[in-house]
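Heavy atoms only: backbone and side chains are in, while hydrogens, waters and symmetry mates are out.
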Amino acid sequence: MKKRCFWVSDDPLYIEYHDNEWGVPVYDDDRLFEFLILETFQAGLSWITILKKRENFREALDNFDYQKIAKYSEEKFEELLQNAGIIRNKLKIKATITNAQAFMKVQEEFGSFSKYIWSFTNGKPIKNSFKKREDVPATTELSDQISKDLKKRGFKFVGSTVIYAHMQATGMVNDHTTDCFRYNEV
């Protein structure tokens, strides 16, 4: 049986996510935006809750199309608040619209969001070597720095914990534990 990171339950959705997505470097703006939005909705909740609603989010948020989301009307906002398939948090839904607008401003300034976000690691993943749960941080100095910069650029719900989770999910850091079969694969 494959040894996985401590946080993976026996839920097939979690296993699939861990084995095929988590920690794999993402350089595509569309995917980076999707993860950023999912991470902001996760704030205060478990990741499995978000994974289970991911397809509902995809449908409700026009396939995570930031250009469309940036132009959402008050009517669309109200529609999202009534959508039982997603997390119906007013502030997080508003943040999604705000973040889509801020995301595009970053693209204008840097050519892509990917160039911007990956500049914090010189374009390469940081490979950590954590052995157990207690070793894995919730935040780092780097996630503090990125969080601060994103906030300065108008992003919402991008505290250091959210940003570190985003860094883990998108492979900016490899936080698979050293005993996990994915550690040397990503």
Side-chain angles (χ1 to χ4, degrees), residues 4-8 14-48 50-51 54 57-58 61 64 66 69 92 95-96 98-100 102-186:
R4 291 182 173 86
C5 293
F6 63 86
W7 54 266
V8 183
Y14 234 0
I15 292 169
E16 170 74 19
Y17 173 70
H18 170 272
D19 291 2
N20 297 303
E21 285 189 90
W22 193 74
V24 176
V26 175
Y27 295 94
D28 174 73
D29 275 11
D30 294 343
R31 299 278 293 147
L32 287 167
F33 182 74
E34 175 180 347
F35 276 114
L36 186 65
I37 295 310
L38 292 174
E39 296 294 349
T40 59
F41 272 101
Q42 190 226 336
L45 303 168
S46 69
W47 184 243
I48 192 67
I50 301 304
L51 279 180
R54 188 179 193 178
F57 276 113
R58 187 179 313 287
L61 298 173
F64 299 104
Y66 48 85
I69 294 169
K92 290 178 180 180
T96 299
T98 301
N99 289 352
F103 189 88
M104 291 193 306
K105 284 182 186 153
V106 167
Q107 284 179 317
E108 285 173 31
E109 185 178 343
F110 291 88
S112 72
F113 185 82
S114 181
K115 280 182 190 162
Y116 160 76
I117 201 79
W118 280 96
S119 72
F120 288 96
T121 64
N122 296 317
K124 294 184 177 77
I126 296 166
K127 188 164 187 167
N128 291 313
S129 51
F130 301 128
K131 291 178 176 33
K132 54 192 184 306
R133 175 190 304 249
E134 298 79 37
D135 296 340
V136 182
T139 65
T140 62
E141 282 183 33
L142 184 55
S143 67
D144 293 347
Q145 181 189 346
I146 296 171
S147 168
K148 194 178 199 176
D149 197 70
L150 286 168
K151 287 176 184 176
K152 192 175 76 186
R153 294 174 184 283
F155 286 82
K156 306 286 183 211
F157 276 91
V158 289
S160 191
T161 304
V162 166
I163 293 308
Y164 196 68
H166 186 261
M167 292 169 69
Q168 291 172 314
T170 61
M172 289 178 70
V173 292
N174 178 354
D175 276 0
H176 286 280
T177 48
T178 54
D179 62 347
C180 174
F181 83 98
R182 289 292 280 157
Y183 178 72
N184 285 313
E185 291 182 4
V186 295

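The side chain to side chain donor-acceptor pair (under 3.5 Å) check on Glu34 picks up Arg31, Arg54, Arg58, with sequence neighbours excluded. Taking Lys152 as the reference, Asp149 meet the side chain to side chain donor-acceptor pair (under 3.5 Å) condition, with sequence neighbours excluded. In terms of the ring-ring contact (aromatic ring centres under 6.0 Å, His included) criterion, residue partners of Phe113 (sequence neighbours excluded) are, by chain and number, Phe103, Tyr116. Listed by chain and residue number, Trp7 satisfy the ring-ring contact (aromatic ring centres under 6.0 Å, His included) test with Tyr14 (two or more places apart in sequence, or in another chain). For the side chain to side chain contact (heavy atoms under 4.5 Å, CB included) test, residues two or more places apart in sequence or in another chain that qualify with Lys151 are Ser147, Val158. Applying the side chain to side chain contact (heavy atoms under 4.5 Å, CB included) criterion to Ser112, with sequence neighbours excluded, gives Asp29, Ser114, Lys115. In this structure, the side chain to side chain contact (heavy atoms under 4.5 Å, CB included) partners of Ala100, at least two apart in sequence or on a different chain, are Phe33, Tyr66, Ile69, Ala70. With sequence neighbours excluded, the residues satisfying ring-ring contact (aromatic ring centres under 6.0 Å, His included) with Tyr27 are Trp118. Looking at residues two or more places apart in sequence or on another chain, you find no side chain to side chain donor-acceptor pair (under 3.5 Å) involving Lys105. The side chain to side chain contact (heavy atoms under 4.5 Å, CB included) search around Lys124 returns none, not counting sequence neighbours.
A pairwise comparison of heavy atoms in Gly154 and Thr98 identifies O-CG2, 3.4 Å as the closest pair. In this structure, Glu39 and Ala169 approach most closely via the heavy-atom pair OE2-CB, 3.5 Å. Minimum heavy-atom separation, Pro125 to Gly171: CB-O, 3.2 Å.
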_Run the side-chain contact (heavy atoms from CB on, under 4.5 Å) test on Ile163 and Asp144 for me, step by step, so that the C-alpha distance in whole Å, both residues' side-chain angles and the decisive distance to 0.1 Å come before the verdict._
CA-CA 8 Å; Ile163 293 308; Asp144 293 347; over 6 Å; no
_side-chain contact (heavy atoms from CB on, under 4.5 Å) for Trp47 and Ile50? Distances and angles first, verdict last._
CA-CA 5 Å; Trp47 184 243; Ile50 301 304; 3.8 Å; yes
_If you apply the rule side-chain contact (heavy atoms from CB on, under 4.5 Å), what do you find for Arg4 with Asp19, and how did you get there?_
CA-CA 8 Å; Arg4 291 182 173 86; Asp19 291 2; 2.6 Å; yes
*Please walk me through it: do Ile126 and Met172 pass side-chain contact (heavy atoms from CB on, under 4.5 Å)?*
CA-CA 6 Å; Ile126 296 166; Met172 289 178 70; over 6 Å; no
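A distance of 7.5 Å separates CZ of Phe57 from OG1 of Thr96, quoted to the nearest 0.5 Å. How far CE of Met167 is from CD1 of Ile117: 8.0 Å, rounded to the nearest 0.5 Å. Atoms CG and CG, from Asp135 and Asp175 in turn, are 10.0 Å apart once rounded to the nearest 0.5 Å. Here Thr170 contributes atom OG1 and Asp28 contributes atom CG; the two are 11.5 Å apart, rounded to the nearest 0.5 Å. With rounding to the nearest 0.5 Å, the separation of CD1 in Ile15 from CG in Asn20 is 11.0 Å. Atom CD of residue Gln145 and atom CG of residue Leu150 lie 10.5 Å apart, to the nearest 0.5 angstrom.
Proximity of Asp179 to Lys132: side-chain heavy atoms (C-beta onward) are nowhere separated by under 4.5 Å. By the 4.5 Å heavy-atom criterion applied to side chains, Leu32 and Phe35 are not counted as neighbours. Within the 4.5 Å cutoff, side-chain heavy atoms of Leu61 are placed close to those of Phe64. Counting heavy atoms from C-beta outward, Leu142 and Val173 have side chains that stay 4.5 Å or more apart.
Shown are Thr139, Ile146, Thr140; of these, the side-chain contact (heavy atoms from CB on, under 4.5 Å) with Ser160 is made only by Thr139.
Counted within 6.0 Å of NZ on Lys148, heavy atoms from surrounding residues, nucleotides or ligands total 12 or fewer; the atom is thus considered open. Within 6.0 Å of CD in Glu141 there are 12 or fewer heavy atoms belonging to other residues, nucleotides or ligands.
Every pair tested for ring pair (Phe, Tyr, Trp, His ring centres under 6.0 Å) that includes a residue from residues 122-160 fails, sequence neighbours excluded, so the list is empty. The ring pair (Phe, Tyr, Trp, His ring centres under 6.0 Å) analysis of residues 165-186, with sequence neighbours excluded, yields the pairs His18-His176, Trp22-His176.
Lys92 places a side-chain N or O within donor-acceptor distance of the main-chain N or O of Phe41, the cut-off being under 3.5 Å.
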